Amino acid sequence: MYKLIAIDIDDTLINDDKEVTPATQTALEEAVAAGVVVTLATGRAYASAQAIARQTGLNVPIITYQGALVKNLLDEKVLYERYVPQDAVHKLFTYCVEHNLHLQTYIDDKLYAREDNQKIKDYTDLNKTPYYIEPDWEKLVPQKTPKMLIIDDPAFLDELAPILRELLGDSVHITKSKPQFLEIMHHEGTKGIALEFLANHFGCDLSETMAMGDSWNDHEMLEAAGLGVAMANAIPALKEIADFVTLSNNEDGVKYAIDKFILNKVN
């Protein structure tokens with residue numbers, strides 16, 4: 001029996017209309033009623049993720065910023081946090097300014113960039129979050145940040161990732177949440193480590209956990225969980241490492257997996 005389920009939000013829990021369908025909502029409620037802890041695990045900021053979590057009626061700690069922040073919905077208490085190391089923040093800002101790359105950062109759950117452009121407008125339209133511009137980027141460097149994000153062409157980011165790994169070293173975790181989003185966290189800011197933390201928090205073994213996702217930033221979580229579930233719309237590399245591939249996010253794939261593995265409604 002699985003005691004803890006961690007579910008990614010974008011392209012997993014919500015469909016392409018950015019909604020949790022009534023059928024999936026019912027499945028979440030039935031899992032909770034069966035005594036299972038249901039949580040979210042997302043790259044989104046806490047401010048953005050908590051709105052969806054509250055909509056779905058969850059009242060547990062949720063995993064945000066790719067695992068760099070685990071915060072309780074009930075009392076907003078921080079249970080786990082890892083900030084990007086200061087040295088890496090400075091090197092990354094300097095590199096992005098020199099190479100004219102769009103870099104955004106999160107400080108106190110607010111989104112900052114050094115210039116207003118279409119990239120940040122499109123990003124905030126997607127996540128429905130406000131943003132702030134600070135042209136004097138050196139003011140942002142000393143501030144603690146759980147996540148930094150570069151937005152660019154997917155092929156370019158694939159070339160950039162190894163360059164940044166070389167530049168920043170193993171103090172950081174670099175991953176992609178979408179093809180055009182390259183995200184940089186503390187090396188212990190992964191959904192897999194956060195899942196392990198929550199399993200300990202709730203007193204269950206990792207073998208009793210289930211994780212669902214669609215992108216490469218979900219792979220640590222799917223690999224750590226007792227049951228790793230990829231969506232039908234997931235990237236091929238994630239499907240390869242998954243224990244099970246469910247239906248897509250537009251076909252209530254989360255509900256199907258809960259029905260099958262938690263509620264035993266599907267053979």
Side-chain angles (χ1 to χ4, degrees), residues 42-50 62-71 76-154 156-191 193-194 197 216-217 220:
T42 180
R44 289 186 186 217
Y46 176 79
S48 170
Q50 62 90 23
I62 58 171
I63 297 166
T64 62
Y65 292 112
Q66 306 299 4
L69 177 70
V70 178
K71 197 168 172 179
E76 306 252 308
K77 184 181 175 195
V78 172
L79 301 182
Y80 179 92
E81 63 188 335
R82 294 290 183 274
Y83 295 112
V84 183
Q86 203 72 63
D87 180 51
V89 173
H90 193 271
K91 282 180 180 171
L92 188 59
F93 259 116
T94 304
Y95 185 92
C96 289
V97 169
E98 285 174 0
H99 294 83
N100 198 27
L101 300 176
H102 172 79
L103 176 68
Q104 54 193 53
T105 185
Y106 294 82
I107 296 160
D108 292 331
D109 226 25
K110 295 187 179 79
L111 173 59
Y112 288 87
R114 67 179 191 280
E115 58 185 21
D116 204 351
N117 58 26
Q118 200 56 45
K119 284 174 177 164
I120 197 163
K121 285 186 171 75
D122 291 346
Y123 180 87
T124 52
D125 282 350
L126 196 69
N127 280 356
K128 302 280 178 279
T129 46
Y131 65 93
Y132 303 85
I133 300 301
E134 177 48 81
D136 184 2
W137 61 272
E138 292 196 7
K139 281 184 183 166
L140 299 174
V141 173
Q143 314 279 344
K144 290 178 176 176
T145 177
K147 180 175 95 163
M148 303 174 80
L149 179 111
I150 297 169
I151 302 177
D152 217 302
D153 172 70
F156 170 75
L157 291 180
D158 287 341
E159 292 172 13
L160 180 64
I163 294 168
L164 293 184
R165 285 193 182 97
E166 181 81 14
L167 176 71
L168 305 175
D170 57 11
S171 70
V172 298
H173 167 57
I174 299 176
T175 193
K176 271 187 161 188
S177 57
K178 287 190 185 301
Q180 72 276 25
F181 297 162
L182 191 68
E183 314 208 355
I184 299 96
M185 283 71 55
H186 184 282
H187 71 98
E188 290 177 350
T190 79
K191 292 185 183 186
I193 292 172
F197 173 84
W216 191 242
N217 64 317
E220 291 96 347

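Counting begins at 1 with the first residue of the sequence. Given the structure is predicted, the values throughout are model-derived calculations rather than measurements.
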query: Is the side chain of Asp125 donor-acceptor paired with the backbone N or O of Lys128 at a distance under 3.5 Å, no angle test?
result: no

message: Between Tyr80 and Val78, is the side chain to side chain contact (heavy atoms under 4.5 Å, CB included) condition met? List the steps.
response: CA-CA 6 Å; Tyr80 179 92; Val78 172; 6.0 Å; no

- prompt: Between the main-chain N or O of Leu101 and the side-chain N or O of His99, is there a donor-acceptor pair closer than 3.5 Å?
  reply: no

message: I need the Gln104 CD to Glu115 CD distance, nearest 0.5 Å.
response: 11.5 Å

query: More than 12 non-hydrogen atoms from neighbouring residues, nucleotides or ligands closer than 6.0 Å to CG on Asp108, yes or no?
result: no

- line: Tightest non-hydrogen contact, residues Ile120 and His102, listed as CB-CE1, 3.8 Å

task: May I ask you to test the Ser177-Gln66 pair for a side-chain heavy-atom distance under 4.5 Å?
output: yes

- line: Heavy-atom nearest pair, Pro146 first then Ala68, reads O-CB, 3.5 Å

- request: Measure from NZ or CZ of Arg114 to the centre of the six-membered ring of Tyr112, then state whether that distance is under 6.0 Å and the direction lies within 45° of the axis.
  value: no

- prompt: Can you find a pair of side-chain heavy atoms, one from Lys176 and one from Pro154, that are under 4.5 Å apart?
  reply: yes

field: Heavy-atom side-chain contact between Leu182 and Ile174 under 4.5 Å
entry: yes

- prompt: Can Ile184 and Leu149 be said to form a side chain to side chain contact (heavy atoms under 4.5 Å, CB included), step by step?
  reply: CA-CA 6 Å; Ile184 299 96; Leu149 179 111; over 6 Å; no

- prompt: Any side-chain heavy-atom pair from Lys191 and Asn217 closer than 4.5 angstrom?
  reply: yes

message: Assess, by modelled atom type and distance only, whether the side chains of Thr105 and Thr145 contain a donor and an acceptor separated by less than 3.5 Å.
response: yes

message: Any heavy-atom pair between the side chains of Tyr95 and Val97 that's under 4.5 Å?
response: no

query: More than 12 foreign heavy atoms under 6.0 Å from CD of Glu76: is that the case here?
result: yes

task: Decide ring pair (Phe, Tyr, Trp, His ring centres under 6.0 Å) for Phe181 and Tyr123; before the verdict, give the C-alpha distance in whole Å, the side-chain angles of both, and the deciding distance to 0.1 Å.
output: CA-CA 10 Å; Phe181 297 162; Tyr123 180 87; 5.2 Å; yes

- prompt: In terms of side-chain geometry, is the basic nitrogen of Asp116 or Lys121 positioned less than 4.0 Å from the acidic oxygen of its partner?
  reply: yes

task: Of all the heavy-atom pairs spanning Glu188 and Ile193, show the shortest one and how long it is.
output: CA-CD1, 3.7 Å

- request: For residues Leu168 and Ala88, report the shortest heavy-atom separation together with the two atoms involved.
  value: CD2-O, 3.6 Å

task: Evaluate the criterion side chain to side chain contact (heavy atoms under 4.5 Å, CB included) for residue pair Leu92 and Val172; output intermediate values, then yes/no.
output: CA-CA 11 Å; Leu92 188 59; Val172 298; over 6 Å; no

- request: Decide yes or no on side chain to side chain contact (heavy atoms under 4.5 Å, CB included) for Gln86 and Val141, but give the supporting numbers first.
  value: CA-CA 7 Å; Gln86 203 72 63; Val141 173; 4.0 Å; yes

field: Sidechain N-carboxylate O distance under 4.0 Å for Glu183, Lys147
entry: yes

field: Side-chain heavy atoms of Leu140 within contact of Met148, under 4.5 Å
entry: no

Short side-chain to backbone donor-acceptor contact, Thr64 and Leu69, under 3.5 Å: yes

Closest approach of Gly189 to His173 (non-hydrogen atoms, all atoms of both residues): O-CD2, 3.2 Å

- prompt: Do Asp109 side-chain atoms and Tyr46 backbone N/O form a donor-acceptor pair below 3.5 Å?
  reply: yes

- prompt: Rounded to the nearest 0.5 Å, what separation is found between the NZ atom of Lys91 and the OG atom of Ser171?
  reply: 7.5 Å

query: Is a salt bridge present between Asp170 and Arg165, judged by a nitrogen-to-oxygen distance below 4.0 Å?
result: no

- prompt: Would you call Ile150 and Cys96 a side-chain contact if the rule is heavy atoms closer than 4.5 Å?
  reply: yes

Short N-O contact, Asp152 and Lys119, less than 4.0 angstrom: yes

message: Please find the pair of heavy atoms, one from Met185 and one from Val84, that lie closest to each other, and give the distance.
response: CA-CG2, 3.9 Å

task: Assess the pair Tyr106 and Tyr65: is the distance between their ring centroids shorter than 6.0 Å?
output: yes

task: Taking atom types as modelled, find out whether Tyr83 and Glu81 have a side-chain donor-acceptor pair closer than 3.5 angstrom.
output: yes

